[in-house]
Protein chains: 2
Amino acid sequence: MGRAPSTTHAEISHTALLLFMDRGFDQTTVDDIAREAGIGRRTFFRYFPSKNDLPWGQFDILLDRMRAHLASLPDEMPLMDQLRESILEFNRVPETEWAYHRRRMDLLLHVPTLLAHSTLRYASWRQVVAEHVARRLELPEDDLIPQTMAWTCLGVCLAAYEQWLGDEDSTLLDLLDQAFRLIDERIDTSTVQAHRSASM
Amino acid sequence: MGRAPSTTHAEISHTALLLFMDRGFDQTTVDDIAREAGIGRRTFFRYFPSKNDLPWGQFDILLDRMRAHLASLPDEMPLMDQLRESILEFNRVPETEWAYHRRRMDLLLHVPTLLAHSTLRYASWRQVVAEHVARRLELPEDDLIPQTMAWTCLGVCLAAYEQWLGDEDSTLLDLLDQAFRLIDERIDTSTVQAHRSASM
DNA sequence: GATACTAATGACACTCAGTGCCGTTGTGAA
DNA sequence: TTCACAACGGCACTGAGTGTCATTAGTATC
């Protein structure tokens, strides 16, 4: 009971993203966002802990889903296949939102403030990966191997995202899939040779 | 010519770090630092672009040194050996400063604000690694392989740093060396088995 | 329908990081 | 001494984020 909320996280987030895309992140103040969303400035900070959190929206929910997805896969499945499949699932976005998603990720990866802030989200994401790897390999979570694999997975994803952002005609899931299949093999000279000739 | 500087980057940085370690990063204001360093608040911002930049100090210089070190190594040397050796060199710190370095890195890795801000420094560091890998493998810098290797190297370093911070008696360079030798081999079940039995 | 309870809201004042502006101060050279 | 110049520091300003508190609008009860 009590007074009904006058807005939603999604509504504020969407309003703000449009402003960011229009005039830039740094040029948009919280006052601008609150005014545009028709709420008070103080109310804004009850929905989002900071301006930096706007582009991420419901990240925790996605993380829970990924954790569950990883846990649901059979132990017989090779570890890298589990990771690749779950990460693809994590990055699946309805085709109708591809353009929006592209602009959102462009902000997150290219606005310094957001790039820095995203580290905190990536840490949670890596934790999910590291937990799974640790469980599968029966190693402690803070062991070098799970930690390094989590960093590598993050790197692969971000490298694929950069490629995606740089090529209007590419498809995110294809790039992610290719990237994971590539690093699944040992990265040595022969792999590199094959990779290079394939990309020409 | 002109008026002589009344302080140095190192002096401000050192003063600030002591305050951070004493009362915490968030509990220390720029006014506190300026007062303690005997300079005006406005002068502080002429030496450092932000409070977040204090713990990093002279990072650019270290980066240049690492770039030069990588370039000086013979092409016959295996790529992973080049990276390992340069990274060890990059992380070499005089034994007299180990305790200080430990507390400094503890701040950088465990204070959320600094953790986030460090991303921007890591990006420059990864760039150095990626450039070298790209040159050695004759691939474009933004190719997936150099980018992923750079992320992996960063992950290895940070995982080793975490281990170091967690164990008072450990030596940073030893941990880094072990970590790099470990991931140099293919991370598969047999490697993991060997690793696990060795760490018991 | 009046009343009580409750949760969301928004106004206000405050702290602190960071910036632009400008007059002041100290130094070496003419 | 004087001039030029660079570092300095004070001041006022913007904008993010927080604590406090009165107000508003729903719901349940009588």
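Letters go in sequence order (proteins before strands), and every chain restarts at 1. What you see below is based on every heavy atom in this structure, not just the backbone, and it leaves out hydrogens, waters and symmetry mates.
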- Item | Terminal helix-axis angle for the helix from C:dG1-D:dC30 to C:dA30-D:dT1, with five pairs defining each axis and rounding to 10 degrees | 10°

- Note on the structure: 5'-most contact on DNA chain D (nearest-nucleotide basis), B:G2 vs B:S6, goes to B:G2

- Query: Parallel under 30°, tilted from 30 to 60°, perpendicular over 60°: which one fits the rings of A:F59 and A:F90?
  - Reply: perpendicular

- Query: Can you name the residues that form a ring pair (Phe, Tyr, Trp, His ring centres under 6.0 Å) with B:H110, not counting sequence neighbours?
  - Reply: none

- Query: Are B:F180 and B:L73 linked, directly or through other ILVMFWY residues, by side chains that come within less than 4.5 angstrom of each other?
  - Reply: no

- To the nearest Å, how far apart are B:K51 NZ and C:dG18 C1'? 12 Å

- Common cluster, A:L108/A:W98, ILVMFWY with side-chain heavy-atom separation under 4.5 Å: no

- Message: Strictly below 4.0 Å, N to O, side chains only: are A:D106 and A:R103 in salt-bridge contact?
- Response: no

- Task: May I have the distance from A:I12 (atom CD1) to C:dA8 (atom C1'), rounded to whole angstrom?
- Result: 12 Å

- Query: So with a 6.0 Å cut-off around CD of B:E89, is the heavy-atom count from everything else above 12?
  - Reply: yes

- Query: Base, sugar-phosphate, or nothing: which does A:T43 touch, judged by heavy atoms less than 4.0 Å apart?
  - Reply: base

- Here the distance between atom C1' of C:dA8 and atom CE of A:M1, to the nearest Å, is 12 Å

- When all nucleic acid strands are considered with a 4.0 Å heavy-atom cut-off, which category describes B:T28: base, sugar-phosphate, or nothing? sugar-phosphate

- Rounded distance (Å) that lies between atom P of C:dG23 and atom CZ of B:R3: 17 Å

Under 3.5 Å, which donor-acceptor pairs do the side chains of residues 61-68 of chain B form with other protein atoms, sequence neighbours left out?
from: B:D64; atom 1: OD1; to: B:R67; atom 2: NH1; distance (Å): 2.9

If you restrict it to nitrogen or oxygen atoms, what contacts under 3.5 Å exist between nucleotides 11-13 of chain C and the protein, and what is each distance?
none

- Query: Any chance the rings of B:H14 and B:Y100 have centres within less than 6.0 Å?
  - Reply: yes

- Message: I need the CG-C1' distance between B:D53 and C:dG18, as an integer number of Å.
- Response: 12 Å

- Query: Heavy atoms under 4.0 Å, any strand shown: does B:F48 hit a base, just sugar-phosphate, or nothing?
  - Reply: nothing

- Query: Just the endpoints, please: which first and last nucleotides of DNA chain D, 5' to 3', lie under 4.0 Å from a heavy atom of chain B?
  - Reply: D:dA4 to D:dC11

- Message: Would you say B:S118 and B:W56 are linked by a side-chain donor-acceptor pair, where the criterion is simply a distance under 3.5 Å?
- Response: yes

- Query: According to the interplanar angle, ranging from 0 to 90°, do the rings of B:H9 and B:F48 count as parallel (below 30°), tilted (30 to 60°) or perpendicular (above 60°)?
  - Reply: perpendicular

- Message: Nearest heavy atom decides the nucleotide; on that basis, is B:A4 or B:V30 closer to the 5' end of DNA chain C?
- Response: B:V30

- Would you kindly give the CZ-to-C1' distance between B:F44 and C:dC16, to the nearest whole Å? 13 Å

Less than 3.5 Å apart, which donor and acceptor atoms pair up between the side chains of residues 149-159 of chain A and the rest of the protein, not counting sequence neighbours?
from: A:T152; atom 1: OG1; to: A:T148; atom 2: O; distance (Å): 2.8
from: A:T152; atom 1: OG1; to: B:T152; atom 2: OG1; distance (Å): 3.1

